[in-house]
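As structure tokens, the structure follows; a few thoughts come after it.
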Amino acid sequence: MAEHQVKIRSIKRINHDVLQIITEKPRKYDFSPGQATEVSINKNGWKNEQRPFTFTNLPEDNVLEFTIKTYPSHEGVTNEMLQLEVNDELILGDVFGAITYKEEGVFIAGGAGVTPFISILRQLASNGETGNNKLIFGNKSQKDIILAREFSDMLGENFINILSEEESEEYPHGFITRDFLEKHFDTSVSNVYMCGPPPMMKAVHKELSEMGIDKNVIIEEEV
Ligand SMILES: Cc1cc2nc3c(=O)[nH]c(=O)nc-3n(C[C@H](O)[C@H](O)[C@H](O)COP(=O)(O)OP(=O)(O)OC[C@H]3O[C@@H](n4cnc5c(N)ncnc54)[C@H](O)[C@@H]3O)c2cc1C
């Protein structure tokens with residue numbers, strides 16, 4: 001596996017537990033929206049701790065952007081990233097990834113599972129091609145919604161949220177159930193892009209199958 005050391009250009013929190021890290025981009029390092037790489041921290045004791053993260057900016061940018069939900073309780077890499085500063089270094093591996101945009105469809109994301117869709121939707125928006133793409137985004141509470149304003153600007157009413165642990169006037173409450181999905185699309189959907197934690201993926205798979213959605217239209221990855 002190739003290794004690329006890159007300096008951090010900027011690092012900031014974009015909500016209570018999510019970091020946006022912008023780094024240098026290695027020469028000839030190309031990715032498509034939706035792809036990811038293994039990342040480790042270039043510090044003693046952390047160099048071999050690789051974790052997968054998705055590029056969230058546009059391929060043509062001359063930097064790389066990562067949007068990283070941190071888990072202090074795991075005492076792992078994302079917790080250590082909270083200590084990083086400008087000019088600290090990350091080590092990146094090769095580019096890989098299962099999710100690539102084909103054509104218009106429905107994006108279903110849970111929590112940090114939205115990350116492959118950030119770059120895809122930003123690229124569509126920058127080309128004026130968001131069309132009737134929809135993003136169904138499940139989170140525990142309102143404070144967990146990553147980039148709410150940007151998704152809302154890009155997708156308008158096609159940005160659909162649901163909160164599992166908070167009752168609010170603004171958003172529906174509950175999990176992504178079959179009823180909820182059926183309110184927003186039907187079996188004529190051409191592409192369903194899915195990314196989230198394994199329990200959510202399992203549940204949504206079952207619901208899509210009960211709705212009669214062909215599994216060949218599903219493009220997915222677990223986070
Ligand atoms: C292809 C792909 C792309 C991804 N892209 C992104 C992305 O762009 N942004 C993003 O935020 N995430 C992304 N993820 C998820 C991300 O890789 C993980 O959140 C990250 O690896 C967590 O690393 P960590 O070292 O902090 O914790 P972990 O590696 O999860 O945990 C470190 C250690 O903590 C312990 N542990 C595990 N779970 C718990 C728990 N629940 N409570 C207490 N301790 C625990 C275990 O001993 C574990 O070894 C992606 C995942 C994949 C597969």
Side-chain angles (χ1 to χ4, degrees), residues 1-2 4 6 8-23 25 29-59 61 63-84 88-101 107-123 135 137-141 143-148 150-151 164-165 193-202 204-205 218-223:
M1 187 183 83
H4 306 274
V6 290
I8 294 176
R9 292 258 189 95
S10 80
I11 178 162
K12 64 175 182 189
R13 282 179 192 257
I14 56 168
N15 80 7
H16 69 107
D17 62 0
V18 176
L19 287 174
Q20 180 196 70
I21 301 181
I22 294 181
T23 72
K25 184 177 185 179
Y29 193 79
D30 295 323
F31 70 92
S32 305
Q35 289 192 305
T37 187
E38 294 286 338
V39 178
S40 63
I41 298 171
N42 196 8
K43 283 190 176 168
N44 284 342
W46 290 101
K47 292 180 192 178
N48 296 323
E49 292 292 328
Q50 287 139 343
R51 299 290 189 278
F53 294 102
T54 312
F55 309 104
T56 53
N57 60 323
L58 297 179
D61 294 343
V63 291
L64 298 172
E65 179 193 283
F66 298 95
T67 304
I68 296 181
K69 189 173 173 82
T70 59
Y71 301 95
S73 67
H74 295 200
E75 296 175 358
V77 173
T78 61
N79 180 49
E80 192 61 22
M81 283 173 164
L82 290 165
Q83 312 305 323
L84 291 174
D88 284 341
E89 285 180 359
L90 300 179
I91 304 170
L92 312 182
D94 294 326
V95 173
F96 68 90
I99 294 197
T100 316
Y101 182 72
F107 294 78
I108 304 175
V114 79
T115 50
F117 306 151
I118 297 175
S119 179
I120 290 173
L121 292 169
R122 281 178 171 170
Q123 188 172 60
L135 172 60
F137 195 9
N139 281 286
K140 288 184 183 161
S141 60
K143 69 182 189 332
D144 299 317
I145 305 173
I146 297 172
L147 300 174
E150 186 176 347
F151 285 130
S164 61
E165 291 182 7
Y193 303 90
M194 265 210 313
C195 190
M200 176 217 125
M201 298 285 280
K202 196 172 164 210
V204 175
H205 253 293
I218 302 174
I219 300 138
E220 63 185 311
E221 192 155 86
E222 283 180 358
V223 289

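Counting starts at 1 for both ligands and their atoms, in listed order. When a residue number appears, it is its place in the shown sequence, counting from 1. Bear in mind that the values here come from a model prediction, so they are computed numbers and not experimental data.
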Those protein residues which place at least one heavy atom below 4.0 Å from ligand 1
R51, P52, F53, T54, T67, I68, K69, Y71, S73, H74, G76, V77, T78, F96, A112, T115, E221, E222, V223
Any sub-3.5 Å donor-acceptor pair from S40's side-chain atoms to K47's backbone N or O?
yes
Pair F31 + F55: ring centers closer than 6.0 Å
yes
Are the charged groups of K25 and D61 less than 4.0 angstrom apart, N to O?
no
Pairing of E65 and R122 as salt bridge, 4.0 angstrom limit:
yes
Under a plain distance cut-off of 3.5 Å, with no hydrogens placed, do S141 and E165 share a side-chain donor-acceptor pair?
no
Which residue in the set Y193, F137, F151 passes ring pair (Phe, Tyr, Trp, His ring centres under 6.0 Å) when paired with F107?
Y193
